[in-house]
Visitor: 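Pasting a structure here, questions to come.
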Amino acid sequence: MLEFLRSKASGVLGILLIGLLVIAFGLWGIADTFTGFSNSEIASVGSKKIERQEFQLRYVQTTRDLSRRLGTTLSATDANNLGISQQVLINMLGGAAIHEASDQMGLAFGDEAIAAAILKDPNFAGVNGEFDEPTFRAVLAQNGLNEKLFVEDQRRFHLTNQLTEASIDRALVPKLLTEGLYKHFLERRVANYMILTLDQTDETGEPTDEELETFFNETRLRFAQPETRSGHALVVSPARFAELISIDRATLEEEYELSMSDFTVAETRKVDQLVLADDTDAARVREQKANGVSFVEIVDSAGQTLENTDLGEVERGDMISADLAEIAFSMEKGAISDVIEGPLGYVVLRVRDIKPGSTLSLEEVEDRLRQRIIFDRALEDMLAFTETVEDELAGGESLENIGQRFDLDVIKINNVANNGKTVDDNQPLILARYETLTGLLFESAIGEDIPMQEMEDGTFIWLRLNDVTPSIVPPLKDVRDAVTAEWKTDERSKLLQAMAEHMVKVGNETGSFKSAAEGFKRKPLVSEPMTRQVSNDTFTGEAVERLFSVGKDKFAWARVGFGGEIIVMQATDIIAAELTDSAAKEIIFDGEQRKYHTDLSNQFVLSLQQSFGSSVNQRNLDLATRELVTR
């Protein structure tokens with residue numbers, strides 16, 4: 001499809017683009033949901049098939065999305081352990097059920113509509129506000145999609161909306177449920193509290209060999225060295241090609257004329273626009289203007305204020321009509337127009353201030369313009385050169401030989417984990433600059449062709465995975481010091497928990513924080529009233545949940561931070577929610593309505609699957625998943 005989506009989507013070309021997109025969709029054969037994918041069937045719903053290749057693409061897409069949300073790169077093995085294969089399968093079965101239902105009901109969302117939506121989507125716009133191919137490609141790559149999957153996702157999205165808007169979206173949340181949730185969510189509590197730290201516990205002695213070995217065996221994964229990967233990256237940057245390009249004066253002058261609008265600051269004016277109610281008002285204003293009445297008096301006689309008439313500082317194109325803009329931008333500063341019949345009816349304009357436009361001279365923008373031309377030409381040369389690199393790779397050449405032949409940078413990446421760093425916590429510069437490369441290394445197999453990557457700064461990178469070192473747990477003798485330190489921390493954490501449990505026990509027996517904290521040389525702090533939604537460094541989600549689980553004046557404890565601290569709390573006040581807060585009730589209603597509709601949607605999809613009949617080929621599913629995990 002990208003052959004038809006070019007960045008200069010305007011004029012006649014813009015008109016033709018939608019038609020070209022439709023033709024492209026037809027060439028792909030996407031009228032059938034899974035046309036073009038592998039013949040190895042994973043599952044089916046009614047007549048719709050789920051094929052292996054699409055399942056694997058969805059699996060990789062979901063893994064990338066979860067990696068971004070977790071802030072770390074998940075390997076295929078990690079994803080499998082998290083049950084992503086089942087999640088992907090469930091989603092695909094649901095999508096197939098929706099598609100089958102849409103076919104039977106005669107619902108459709110045509111190729112023309114999808115093409116138009118893509119061209120208008122602001123997520124794919126370039127700096128000029130029009131559709132931009134590199135942006136489109138980059139957004140899809142960032143989300144783990146290819147063009148075909150993206151188009152199919154758009155079709156399913158609109159079909160699902162057609163189905164749900166007619167039924168599920170009209171469902172109402174019961175009022176009694178909303179009020180009950182309101183009271184639950186907006187109840188507030190005040191707590192006396194004290195933070196306990198490991199420093200308040202006694203030092204532990206040294207563990208025996210038996211204790212240390214037992215602890216190591218129980219916690220060995222804490223000391224595992226992560227899987228690491230090594231590879232090479234061939235880097236082609238615009239700067240490398242820019243060194244060879246020179247721009248003469250004639251070219252600069254030609255480009256300056258073509259792009260003069262880029263160096264022009266438009267004229268702006270501060271304009272008042274008084275809208276008149278009818279012919280009577282218009283006649284009165286004409287008379288007032290003829291008698292020299294001020295604009296302020298005219299506005300006042302019309303029953304309006306200057307604040308209502310102020311359009312602010314506007315450019316010519318900001319005016320509601322070209323005719324009004326022509327008049328406003330031809331008036332002198334301080335001038336008042338005659339009564340004008342505009343799109344809103346009769347209006348009177350006043351120009352309060354004028355800020356003239358200006359255009360930078362060629363001399364002022366020469367360096368900037370030269371660099372832009374050089375960069376654009378370097379990109380063109382790079383695009384042509386990529387074909388040479390691809391031909392060399394197809395002919396069996398290595399990245400190292402290609403780099404040596406064309407004097408290009410080939411960077412070696414040695415033993416990095418899925419966080420992009422080595423076991424010594426060092427991060428190669430190329431992985432720090434281009435974070436997506438780490439994910440590609442961990443999604444690929446040795447010997448697999450990794451497509452060329454176009455980075456945001458215009459750099460092209462070819463990546464190759466050379467070696468995979470599996471995760472290992474070193475023997476105890478190699479990590480004895482680290483295990484001993486962890487054992488001591490763990491023992492002191494147990495002592496800290498015992499201290500907190502004792503304080504809660506005494507507090508619940510006496511009702512007094514003073515008695516519970518006997519021996520501490522500080523007083524408890526007092527919290528602000530909080531709802532169940534509070535979560536911060538002091539009152540974590542677990543702490544708030546436990547605080548709301550006890551009665552008034554009762555005690556509870558919870559871990560805070562990373563487990564090295566404990567908060568002991570006493571619920572000193574319980575403040576019931578007031579049903580008079582209509583805004584809060586509306587927020588809760590909207591939230592519950594979304595969840596209610598989600599539940600109904602899930603039930604609807606499940607009922608469709610049962611109605612059409614669904615089946616899963618477990619053997620093919622296991623094979624498809626194993627292919628990804630063993631890469």
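Scope of the values below: all heavy atoms of this structure, side chains included, with no hydrogens, waters or symmetry mates.
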Visitor: To check you understand the geometry: which heavy-atom pair defines the closest contact between A378 and P238, and what is its length?
Guide: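 Smallest interatomic distance, heavy atoms only, reads CB-O, 3.6 Å.
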Visitor: Using the rule given for side chain to side chain contact (heavy atoms under 4.5 Å, CB included), can you reason through V236 versus T386, listing the C-alpha separation, both sets of side-chain angles and the distance that settles it, and then say yes or no?
Guide: CA-CA 9 Å; V236 179; T386 58; over 6 Å; no
Visitor: What are the two closest heavy atoms between V60 and E443, and how far apart are they?
Guide: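 Scanning both residues, the minimum pair turns out to be CG1-OE1, 4.1 Å.
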Visitor: Can you list everything that forms a side-chain hydrogen bond (donor to acceptor under 3.5 Å, both in side chains) with Q453? Sequence neighbours excluded, please.
Guide: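 For Q453, no residue satisfies side-chain hydrogen bond (donor to acceptor under 3.5 Å, both in side chains) once neighbours in sequence are set aside.
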Visitor: Kindly write out the residues that satisfy side-chain hydrogen bond (donor to acceptor under 3.5 Å, both in side chains) with S615, not counting sequence neighbours, or none if the list is empty.
Guide: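 With neighbours one apart ignored, the set is S44.
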Visitor: Once side chain to side chain contact (heavy atoms under 4.5 Å, CB included) is applied, do any residues pair with L66, and if so which ones, sequence neighbours excluded?
Guide: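 Result, side chain to side chain contact (heavy atoms under 4.5 Å, CB included) vs L66: R69, L70, L74, L82, I84.
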Visitor: Please enumerate all residues that pass side chain to side chain contact (heavy atoms under 4.5 Å, CB included) together with T469, with sequence neighbours excluded.
Guide: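 If we apply the side chain to side chain contact (heavy atoms under 4.5 Å, CB included) test to T469, skipping adjacent residues, the hits are T228, N415, D467.
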Visitor: Could you report the tightest heavy-atom contact between V616 and L93, atom names first, then the distance?
Guide: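 Scanning both residues completely, I find the closest heavy atoms to be CG2-CD1, 4.4 Å.
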Visitor: Taking atom types as modelled and ignoring hydrogens, do the side chains of E100 and S47 form a donor-acceptor contact shorter than 3.5 angstrom?
Guide: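 Yes, side-chain donor-acceptor contact under 3.5 Å.
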Visitor: For S607, is there any backbone N or O sitting under 3.5 Å from a side-chain donor or acceptor partner on S611?
Guide: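 Pair absent, no side-chain N/O of S611 close to backbone of S607.
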Visitor: Within the side chain of E392, is there an N or O that forms a donor-acceptor pair under 3.5 Å with the backbone of V389?
Guide: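 No: the side chain of E392 does not pair with the backbone of V389.
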Visitor: Can you tell me which residue pairs pass the salt bridge (charged side-chain N to carboxylate O under 4.0 Å, His left out) test with a partner in residues 409-425, sequence neighbours excluded?
Guide: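 Every pair satisfying salt bridge (charged side-chain N to carboxylate O under 4.0 Å, His left out) with a residue in residues 409-425: K421-D425.
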Visitor: Where do V560 and D537 come nearest, in terms of heavy atoms and distance?
Guide: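 Distance-wise, the nearest heavy atoms are CB-O, 4.0 Å.
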Visitor: With no hydrogens and no angle check, is any side-chain donor or acceptor of N620 less than 3.5 Å from a backbone partner on E41?
Guide: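 Pair found, side chain donor or acceptor close to backbone of E41.
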Visitor: Using atom types as modelled and distance alone, determine if a side-chain donor or acceptor of S67 lies under 3.5 Å from a backbone N or O of T63.
Guide: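 Side chain of S67 to backbone of T63, a donor-acceptor pair under 3.5 Å: yes, one is there.
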Visitor: In chain order, what residues pass the side-chain hydrogen bond (donor to acceptor under 3.5 Å, both in side chains) check against E397, with sequence neighbours excluded?
Guide: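 By the side-chain hydrogen bond (donor to acceptor under 3.5 Å, both in side chains) rule, E397 matches N401, R405.
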Visitor: Quick one, F216 with V479, criterion side chain to side chain contact (heavy atoms under 4.5 Å, CB included). Give me CA distance, side-chain angles, the key distance, then yes/no.
Guide: CA-CA 10 Å; F216 177 68; V479 289; 4.0 Å; yes
Visitor: Residues in side chain to side chain contact (heavy atoms under 4.5 Å, CB included) with T219, at least two apart?
Guide: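 With neighbours one apart ignored, the set is F215, R222, F223.
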Visitor: Just checking D457: does its CG atom have more than 12 heavy atoms from other residues, nucleotides or ligands closer to it than 6.0 angstrom?
Guide: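 Yes.
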Visitor: Applying side chain to side chain contact (heavy atoms under 4.5 Å, CB included) to V544 and T531, what does each step give before you reach the verdict?
Guide: CA-CA 8 Å; V544 172; T531 64; over 6 Å; no
Visitor: Can you tell me if Q618 and D622 form a side-chain donor-acceptor pair at under 3.5 Å?
Guide: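 Result is yes, a qualifying pair exists.
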Visitor: Can you name the salt bridge (charged side-chain N to carboxylate O under 4.0 Å, His left out) partners of E227, sequence neighbours left out?
Guide: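 Per chain and number, E227 pairs via salt bridge (charged side-chain N to carboxylate O under 4.0 Å, His left out) with R229.
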Visitor: Are any side-chain N or O atoms of S549 and backbone N or O atoms of R546, one a donor and one an acceptor, separated by less than 3.5 Å?
Guide: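 Yes, because the side chain of S549 sits within donor-acceptor range (under 3.5 Å) of the backbone of R546.
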Visitor: Who pairs with F375 by ring-ring contact (aromatic ring centres under 6.0 Å, His included), at least two apart in sequence or on another chain?
Guide: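 Residues passing ring-ring contact (aromatic ring centres under 6.0 Å, His included) with F375: none at all.
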Visitor: For the residue pair F460 and W462, categorise the inter-ring angle as parallel (less than 30°), tilted (30 to 60°) or perpendicular (more than 60°).
Guide: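 Plane angle over 60°, so perpendicular.
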Visitor: If you take all heavy atoms of A543 and A558, which pair is closest and at what distance?
Guide: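 Scanning both residues, the minimum pair turns out to be CA-CB, 3.5 Å.
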Visitor: Run the side chain to side chain contact (heavy atoms under 4.5 Å, CB included) test on V416 and L431 for me, step by step, so that the C-alpha distance in whole Å, both residues' side-chain angles and the decisive distance to 0.1 Å come before the verdict.
Guide: CA-CA 10 Å; V416 294; L431 299 186; 3.9 Å; yes
Visitor: Could you pull out all residues at least two apart from E400 that satisfy salt bridge (charged side-chain N to carboxylate O under 4.0 Å, His left out)?
Guide: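 So E400 forms a salt bridge (charged side-chain N to carboxylate O under 4.0 Å, His left out) with R464.
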Visitor: Considering residues at least two apart in sequence or located in another chain, which fulfil the side-chain hydrogen bond (donor to acceptor under 3.5 Å, both in side chains) criterion with E545?
Guide: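 In terms of side-chain hydrogen bond (donor to acceptor under 3.5 Å, both in side chains), with neighbours along the sequence ignored, E545 is linked to no residue.
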Visitor: Of all residues at least two apart in sequence or in a different chain, which pass the side chain to side chain contact (heavy atoms under 4.5 Å, CB included) check with Q86?
Guide: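 So Q86 forms a side chain to side chain contact (heavy atoms under 4.5 Å, CB included) with L89, L621.
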Visitor: Taking atom types as modelled and ignoring hydrogens, do the side chains of T540 and E542 form a donor-acceptor contact shorter than 3.5 angstrom?
Guide: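 No, no side-chain donor-acceptor pair sits under 3.5 Å.
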Visitor: Apply the test salt bridge (Lys or Arg N to Asp or Glu O under 4.0 Å) to residues R189 and E187: give CA-CA distance (whole Å), side-chain angles for both, the deciding distance (0.1 Å), then the verdict.
Guide: CA-CA 7 Å; R189 297 204 171 194; E187 175 191 307; 2.8 Å; yes
Visitor: Please give me the minimum heavy-atom distance between T422 and N414, naming the atom from each residue.
Guide: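 Smallest interatomic distance, heavy atoms only, reads CG2-O, 3.7 Å.
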Visitor: Salt bridge check: are K48 and D103 linked by an N-O gap of less than 4.0 Å?
Guide: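 Counted as a salt bridge, because a side-chain N and a carboxylate O are separated by less than 4.0 Å.
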Visitor: For Q610, does its backbone N or O pair with a side-chain atom of S614 as donor and acceptor, under 3.5 Å?
Guide: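 Absent.
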